[in-house]
Amino acid sequence: MEQWVYLNGRYLPMAEAMVPVEDRGYQFADGIYDVLKLAGWRPVRFRDHMKRLRESCEGILISDIPSMAEWESILAELAERSGLSRSLESQCILYIQVTRGVAPRNHLIPEPQPQPTICAYFKAAPHYTPEQRAYGVAVSAQPDERWLRCHIKAIGLLPVVLAKHAARKAGAFEALLVRDGIVTEAASCNVFCVKDGAVFTHPEGPLILSGITRGIVLDAARRLGIPVHEQPVPLSEFRKADEAFLSSTTMNVMPVTVLDGVPIGTGNVGPITRAVAAEVEAIIREELEAGVDLGAGLVASSQVGK
Ligand SMILES: Cc1ncc(COP(=O)(O)O)c(C=O)c1O
């Protein structure tokens, strides 16, 4: 895939896409982002991602961003230039970032506000191994040191960069974030555990990012008749779970079988995790097959329920 970047109304090869040093995203992490997955030219849950993008912008007082319909045409043009395959077998990731724009360095939000710096590009979807899917991954409990507006998908990611680094150094795949003894989520995914046949996950609110895939997991559990409790789970209880799993746009569902070097439950991928993972895949496949390509009226289409 050729890497083309949409940057403030222009389409540029990656090497030519430059942002000024005084961009507030660069100097203050004053911006937000979103990550979508596409099969061919069809994004998974486009409306949900666009809604979250808008709400993240509103959360940091940025208002001048493209409408959903404008995004659709920007992204269709970008897909064309990037030579994106239309085959539903071909998956990729879309990264979108909005910063407050360029202004002389000063903590105060400039008034009037500068034009936001808006960029987007497609990139290859990360690869997860069949072993990770079959045997699950390990997580390492790390302190959740983020700010108290985690529902905003802010680009200031240092706390999770450091947490994930610490988890990797401890031999784990992901950091299980713990605030005041409660498991919130992971560095870049939502977290679920299973006890006595029911799924538990942290409720939505300022302590977690409300993952789009988390929403699909809840839909999947509902379809399967599996009870879900959106309630805080202490780390001490999480350690006693029968099963655990992660969810994110790039992974869908990833089983977790080890916490801090100790097996969770039997240490194997459990039946609820397997069922939810398969149902999430089925929901995504159904939605994509019934979906509409970027640029073909995706936003206007009544077929796009989500
Ligand atoms: C902190 C955090 N939680 C959860 C998620 C999962 O969100 P989604 O399912 O929308 O990818 C992400 C994704 O980047 C994340 O960064």
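For ligands, and for the atoms within them, numbers begin at 1 and follow the listed sequence.
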- Any chance you could lay out the side-chain contact (heavy atoms from CB on, under 4.5 Å) test for Ile212 and Val44, step after step, and finish with the verdict? CA-CA 9 Å; Ile212 306 305; Val44 175; 5.8 Å; no
- Task: Specify whether Tyr128 and Phe173 have parallel, tilted or perpendicular ring planes, treating 30° as the upper limit for parallel and 60° as the lower limit for perpendicular.
- Result: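 Tyr128 vs Phe173 ring planes: perpendicular.
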- Task: For Glu281 and Val276, indicate whether the former's side chain and the latter's backbone hold a donor-acceptor pair under 3.5 Å.
- Result: no
- Message: Donor-acceptor check, side chain of Thr201 to backbone of Val191, threshold 3.5 angstrom: yes or no?
- Response: yes
- Message: Heavy-atom contacts with ligand 1 below 4.0 Å: which residues, ordered by chain and residue number?
- Response: Tyr33, Arg52, Arg146, Lys153, Glu185, Ala186, Ala187, Ser188, Cys189, Asn190, Leu209, Gly211, Ile212, Thr213, Ser247, Ser248, Thr249
- For the rings on Tyr121 and Tyr6, is their centre-to-centre separation under 6.0 Å?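 Aromatic pair excluded; centres sit 6.0 Å or further apart.
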- Task: Over all heavy atoms of both residues, which pair between Gly25 and Thr99 is shortest? Give the atoms and the distance, please.
- Result: CA-CG2, 3.6 Å
